[in-house]
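To start, the structure under review is shown below, and the notes come after it.
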Amino acid sequence: MNHSTWKTRRARQLAGEAVEFDQEYVDARLAGDLGQAVYDRRVELGLSQAELAERAGMTQPQVSRTEGGDTVPTLPLLRRLAKALEGSLNLAIDESDSRVTFTPRAA
């Protein structure tokens, strides 16, 4: 296939073509979605990475790696993050899609 006929996965998906996702792609996207959700909630609360780390029993580099999508956190760590970020962590995982959000706790 030459370069002019090659389409990105996203372009094929937008064109309505069937697109297969390899597991590494799905896993990396989920890690990235989680990292972005942690970052967004931390910023919303006005916390630094160091402050979140202290609240969650982590180190600042661990928070940085989590926010960067460079690590796969354990379930106990996800629980601590949800508590530290004063909300509920919501994960919706599908074969080719994932969504990660934090729902703030009711006051």
Side-chain angles (χ1 to χ4, degrees):
M1 173 183 304
N2 67 38
H3 183 71
S4 63
T5 60
W6 182 81
K7 294 182 185 176
T8 64
R9 176 177 291 159
R10 179 76 176 139
R12 292 192 320 259
Q13 187 177 27
L14 291 172
E17 297 176 25
V19 178
E20 292 185 25
F21 294 91
D22 58 10
Q23 192 59 47
E24 291 82 18
Y25 176 83
V26 174
D27 292 346
R29 181 165 177 208
L30 181 58
D33 290 349
L34 174 65
Q36 187 65 53
V38 170
Y39 171 82
D40 291 344
R41 182 66 179 147
R42 178 180 63 77
V43 169
E44 185 179 315
L45 291 171
L47 298 173
S48 68
Q49 286 185 344
E51 290 168 325
L52 175 57
E54 186 176 327
R55 285 181 170 202
M58 302 169 68
T59 64
Q60 181 276 324
Q62 287 175 310
V63 171
S64 179
R65 285 192 302 273
T66 299
E67 288 183 354
D70 299 331
T71 185
V72 178
T74 63
L75 291 174
L77 178 56
L78 291 174
R79 186 179 307 115
R80 292 194 325 260
L81 279 170
K83 182 178 179 183
L85 292 169
E86 301 174 3
S88 298
L89 174 62
N90 308 294
L91 296 170
I93 302 171
D94 196 318
E95 183 177 334
S96 63
D97 191 24
S98 64
R99 288 172 306 288
V100 182
T101 58
F102 278 95
T103 303
R105 270 188 244 135

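Keep in mind the model is a prediction, meaning the values are calculated, not measured.
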Heavy-atom donor-acceptor pair, Arg42 side chain to Glu51 backbone, under 3.5 Å: no

To the nearest 0.5 Å, tell me how far Lys83 NZ sits from Leu89 CG. 15.5 Å

Quick one: does Thr66's side chain have a donor or acceptor within less than 3.5 Å of a partner on Gln62's backbone? yes

Do you know which two heavy atoms are closest between Leu81 and Met58, and how far apart they sit? CD2-SD, 3.8 Å

Heavy atoms of Ala84 and Leu47 approach each other most closely as O-CD1, 4.4 Å

What are the two closest non-hydrogen atoms of Leu45 and Leu85, and how far apart are they? CD1-O, 3.4 Å

Rounded to the nearest 0.5 Å, the CD atom of Glu86 sits from the CZ atom of Arg105 at a distance of 6.0 Å

Between OG1 on residue Thr101 and CG on residue Leu91, distance to nearest 0.5 Å: 8.0 Å

Would Leu75 and Val72 show up in the same hydrophobic cluster when neighbours are defined by side-chain heavy atoms closer than 4.5 Å? no

Which pair of non-hydrogen atoms, one from Pro73 and one from Leu78, has the smallest distance, and what is that distance? CG-CD2, 3.6 Å

Could you note down all residue pairs passing side-chain hydrogen bond (donor to acceptor under 3.5 Å, both in side chains) where residues 31-41 supplies at least one of them, sequence neighbours left out? Asp33-Ser98, Gln36-Asp40, Arg41-Glu44

